[in-house]
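Written below as structure tokens is the structure these notes are about.
Residue numbers begin at 1 in each chain, while the letters A, B, ... track the order of the sequences.
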2 protein chains.
Amino acid sequence: MPMEPNDLLAVLEDRGHRLTGPRRRVAAAIATKAESFTAEEVCGELPGVGRATVYRTIRLLVDSEVICKLALPGGEPRYTPARATYHHHHAVCLRCGAVEEFRDSTVERVVKAAGSDLTGQIVAHRIEFYVLCRSCMAGDAVEGKQ
Amino acid sequence: MPMEPNDLLAVLEDRGHRLTGPRRRVAAAIATKAESFTAEEVCGELPGVGRATVYRTIRLLVDSEVICKLALPGGEPRYTPARATYHHHHAVCLRCGAVEEFRDSTVERVVKAAGSDLTGQIVAHRIEFYVLCRSCMAGDAVEGKQ
DNA sequence: TCCTTGACGATACTTTGTCTCAGTAATACT
DNA sequence: AGTATTACTGAGACAAAGTATCGTCAAGGA
């Protein structure tokens, strides 16, 4: 269930950025992504739009928290549309890149609890789960373990 | 309280790697680091050792889990000696780079709890806290908020 | 419509590594 | 100890993911 390009553009406009042709095209490209994507993928799909513009627009969208930047263990950064507007975390399938958002109230409680054990004050945190999603597990079962 | 270079070297030897001069020097440089450091810092301190060798040695040490790679929000990767040999997480001071290791059994329980809510199977996770450490907070208090 | 200023594309540069390759040296073997 | 193997090394090219620069252009308010 892809998101609307207008959702992305509205956020940019709200933050006082101009709605330009290239930004509309980047937003449209991102909006088609059901799951995670890389910046270079978007560049590849929009040959008429400069690389710098694609990266600039992605950065604006990350700053606006409409898309999230994921840090996979392999090091490759991927982006994913944020379906939830509230604080949340991600479970990323290491095989297919599917992203599941989650928010567990217990997690946040634990963050607070762990914080009280630490010296210093927590200003941010990152929690990411790396998973093998259901359909990838099913695929493995069919073709046998490699 | 810096660690012993020999601790690092012993791990390499245990894993069947050779104890070479450059590796000893990289281990010695890392061992002096009380807190986190970057790969380029090590390169700068060891002009006689090739950059590739520094990175190769760091990678070996990360693979051996004697040092840990941190992913700060800014994107800059830092490394930190692992004081604990068991599974743990890190709280990194965003100002001075001080690293505090922590392991809260509650955290691990939550990981399991969150996992049961997710479709798919968790294969790994990353939990990092970004903090302002006590001495940096004290420094701020003295010089006033900027 | 005009004007200001943010945004654009092209391209050079930066950061953080990794790869290649010929030469070197740490271990194993005898 | 001497030799053989082969992992390791340094230099430098290459790669991925961005960022900075700069002259040009156009979005959107007056």
Side-chain angles (χ1 to χ4, degrees), chain A residues 5-6 8-30 36-64 67-80 92 97, chain B residues 5-6 8-30 36-64 67-80 92 97:
Chain A
N6 285 343
L8 300 172
L9 294 170
V11 169
L12 292 187
E13 197 169 28
D14 287 351
R15 294 177 50 117
H17 299 294
R18 293 184 182 170
L19 297 191
T20 66
R23 284 187 180 155
R24 288 173 207 277
R25 297 174 64 190
V26 172
I30 290 179
S36 58
F37 59 92
T38 65
E40 289 302 327
E41 267 170 48
V42 177
C43 290
E45 290 173 24
L46 301 174
V49 179
R51 240 168 57 87
T53 299
V54 169
Y55 276 99
R56 277 189 289 242
T57 306
I58 286 178
R59 185 174 41 181
L60 285 180
L61 293 171
V62 171
D63 289 349
S64 311
I67 66 180
C68 303
K69 184 172 184 171
L70 307 174
L72 292 241
E76 40 155 352
R78 298 188 72 83
Y79 300 87
T80 184
V92 196
Chain B
N6 285 343
L8 300 171
L9 293 169
V11 169
L12 292 186
E13 195 169 30
D14 288 351
R15 294 178 48 118
H17 300 294
R18 293 182 181 173
L19 297 190
T20 67
R23 283 185 182 160
R24 288 174 207 276
R25 298 175 64 192
V26 172
I30 290 179
S36 58
F37 59 92
T38 64
E40 290 301 327
E41 267 170 47
V42 178
C43 291
E45 288 172 24
L46 302 174
V49 179
R51 238 168 55 86
T53 300
V54 170
Y55 276 98
R56 277 188 288 242
T57 306
I58 287 179
R59 186 175 39 182
L60 285 179
L61 293 171
V62 171
D63 288 348
S64 310
I67 65 179
C68 303
K69 184 172 185 174
L70 307 174
L72 292 242
E76 40 156 352
R78 298 187 73 83
Y79 300 88
T80 185
V92 196

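Rounding to whole angstrom units, CZ of residue R25(B) and C1' of dA26(C) are separated by 17 Å. Here dT27(C) presents its C1' atom at 16 Å from CG of L9(B), a figure rounded to the nearest Å. A straight line from CG of L19(A) to P of dC8(C) spans 10 Å, rounded to a whole angstrom. dA10(C) atom P lies 16 Å from atom OH of Y55(A), rounded to whole Å. Here dC8(D) presents its P atom at 7 Å from CG of L60(B), a figure rounded to the nearest Å. In this structure, CD of E13(B) is placed 14 Å from C1' of dA7(D), rounded to the nearest angstrom. D63(A) has its CG atom 13 Å from the P atom of dG18(D), to the nearest Å. As rounded to whole Å, 16 Å separates atom C1' of dA7(C) from atom CD1 of I58(A).
Residue side chain R51(B) does not reach the base of dG12(D) through any donor-acceptor N/O pair under 3.5 Å, judged by distance alone. Applying the 3.5 Å distance criterion, the base of dG18(D) shares no donor-acceptor pair with the side chain of R56(A).
Distances shown here put every side-chain N or O of T20(B) at or beyond 4.0 Å from the OP1 or OP2 atom of dA25(C). Within the structure, every side-chain polar atom (N or O) of H17(B) is placed at least 4.0 Å from both OP1 and OP2 of dA7(D). Contact annotation: R23(A) side-chain N/O to dA7(C) OP1/OP2 distance is under 4.0 Å. The phosphate of dG17(C) has OP1 or OP2 within less than 4.0 Å of a side-chain N or O from Y79(B).
The main-chain N or O of L46(B) is never found under 3.5 Å from a side-chain atom of R25(B) such that the two would form a donor-acceptor pair. In this structure a side-chain-to-backbone donor-acceptor pair under 3.5 Å is missing from R23(A) to T57(A).
Taking for each of R18(B) and V54(B) the nucleotide of DNA chain D with the nearest heavy atom, the 5'-most of the two is the partner of R18(B). Mapping R24(B) and E76(B) onto DNA chain C by nearest heavy atom places E76(B) closer to the 5' end of the strand.
Electrostatic pairing of E40(B) and R51(B) counts as a salt bridge here, judged by a charged N lying under 4.0 Å from a carboxylate O. A salt bridge between R78(A) and E41(A) is present, with a side-chain N of the basic residue lying under 4.0 Å from a carboxylate O of the acidic one.
Of the candidates dT19(D), dG9(C), dG10(D), the closest approach to any side-chain atom of V49(B) belongs to dG10(D). Nearest to the side chain of A52(B), among dA17(D), dT16(C), dG12(D), sits dG12(D).
Side-chain contact between V11(B) and H17(B): absent, with no pair of heavy atoms (C-beta onward) separated by less than 4.5 Å.
Looking at heavy-atom distances under 4.0 Å, G48(A) makes contact with sugar-phosphate atoms alone, never a base. Within 4.0 Å of G75(B), counting heavy atoms only, lies no atom of the nucleic acid at all.
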